[in-house]
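See structure below.
Note that the numbering runs from 1 along the sequence shown for the chain.
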Amino acid sequence: MLNPRLFAAALCLALPAAALAGDDDDPGRAGLGLAGLLSASNKEDLPPITLSAGMPLADAPWVLKSGTYYEFEIQGDGSQELALTGAEFFRAVWIDEIVVEGLEIRPLGLDSIEFDEAGEMEIGFIALKPGNYHLKVPGSTGDTQRLEITIQ
């Protein structure tokens with residue numbers, strides 16, 4: 001009869017090897033390594049978002065791929081107190097971290113952000129739920145104050 005502790009230890013050693021072996025069959029996931037979706041080979045930088053009175057948020061819409069890790073910066077010039085909302089988008093992604101002046105924040109969720117003065121933040125996330133989303137300056141009606149986002 002096999003000792004239950006010995007069996008559990010053998011299983012713990014075998015599972016990671018089986019998981020890595022399974023990655024070889026999927027060329028889309030090959031090379032992700034032990035960090036999985038957080039691996040550097042799965043990371044893309046997005047163009048920054050600019051929060052400035054009367055200026056467009058971004059040059060073009062974002063088209064993202066589900067399962068890819070993205071980073072982007074939000075730059076506020078302090079010309080006006082401005083916020084950025086997008087609850088539906090923030091619920092369609094997993095936020096890894098938000099970095100503000102070297103301070104790393106790892107939230108469980110996000111609804112909006114606001115700049116009361118000039119500053120910069122970086123957000124890292126994994127796109128999860130396919131669909132059409134947006135980030136926008138609350139209360140604004142112009143297309144330039146809205147960033148359209150598609151997760152494929």
Check your understanding: Within the distance-only criterion (no hydrogens, no angle test), does the side chain of Tyr70 pair as donor or acceptor with the backbone N or O of Lys65 below 3.5 angstrom?
Key -> yes

According to a 4.5 Å side-chain heavy-atom criterion applied to Ile, Leu, Val, Met, Phe, Trp and Tyr, with indirect links allowed, do Ile98 and Phe90 form part of one hydrophobic cluster?
yes

### Main-chain N/O of Met55 paired with Gln145 side-chain donor or acceptor, under 3.5 Å
yes

Decide yes or no for Ile95 and Ile105: does some side-chain heavy atom of the first lie under 4.5 Å from some side-chain heavy atom of the second? no

Separation between CD (Glu88) and CG (Asp111), nearest 0.5 Å, reads 10.5 Å

Separation between CD1 (Ile126) and OG (Ser66), nearest 0.5 Å, reads 9.5 Å

Rounded to the nearest 0.5 Å, the CG atom of Asp96 sits from the NZ atom of Lys43 at a distance of 11.0 Å

Counting C-beta onward and ignoring hydrogens, is there a side-chain heavy-atom pair between Phe115 and Ile74 closer than 4.5 Å?
yes

Those residues at least two apart in sequence (or on a different chain) that pass salt bridge (charged side-chain N to carboxylate O under 4.0 Å, His left out) with Glu104 are Arg106

Using modelled atom types only, decide if a donor and an acceptor are shared between the side chain of Thr68 and the backbone of Asn42 within a distance under 3.5 Å. no

- Quick one: does Ile151's side chain get under 4.5 Å of Val93's, heavy atoms only? yes

Taking atom CG as the centre, does Asp143 end up with more than 12 heavy-atom neighbours from other residues, nucleotides or ligands that are less than 6.0 angstrom away? no

Phe89 and Leu110, any side-chain heavy atoms less than 4.5 Å apart = no

| Would Val99 and Leu84 show up in the same hydrophobic cluster when neighbours are defined by side-chain heavy atoms closer than 4.5 Å? | no

State, with a plain yes or no, whether a side-chain heavy atom of Leu51 is found less than 4.5 Å away from one of Asp77. no

Quick note, ring-ring contact (aromatic ring centres under 6.0 Å, His included) partners involving residues 40-62, not counting sequence neighbours, are Trp62-Phe72

Separation between OH (Tyr69) and CG (Asp45), nearest 0.5 Å, reads 10.0 Å

Would you mind reporting whether Asn132 and Thr150 have side-chain heavy atoms less than 4.5 Å apart? yes

Quiz prompt | Side chain proximity check, Thr85 to Leu135, heavy atoms < 4.5 angstrom | solution = no

CG of Leu147 to NZ of Lys136, rounded to nearest 0.5 Å, is 13.0 Å

Note to self: Counting C-beta onward and ignoring hydrogens, is there a side-chain heavy-atom pair between Ile113 and Met121 closer than 4.5 Å?
What the structure shows: yes

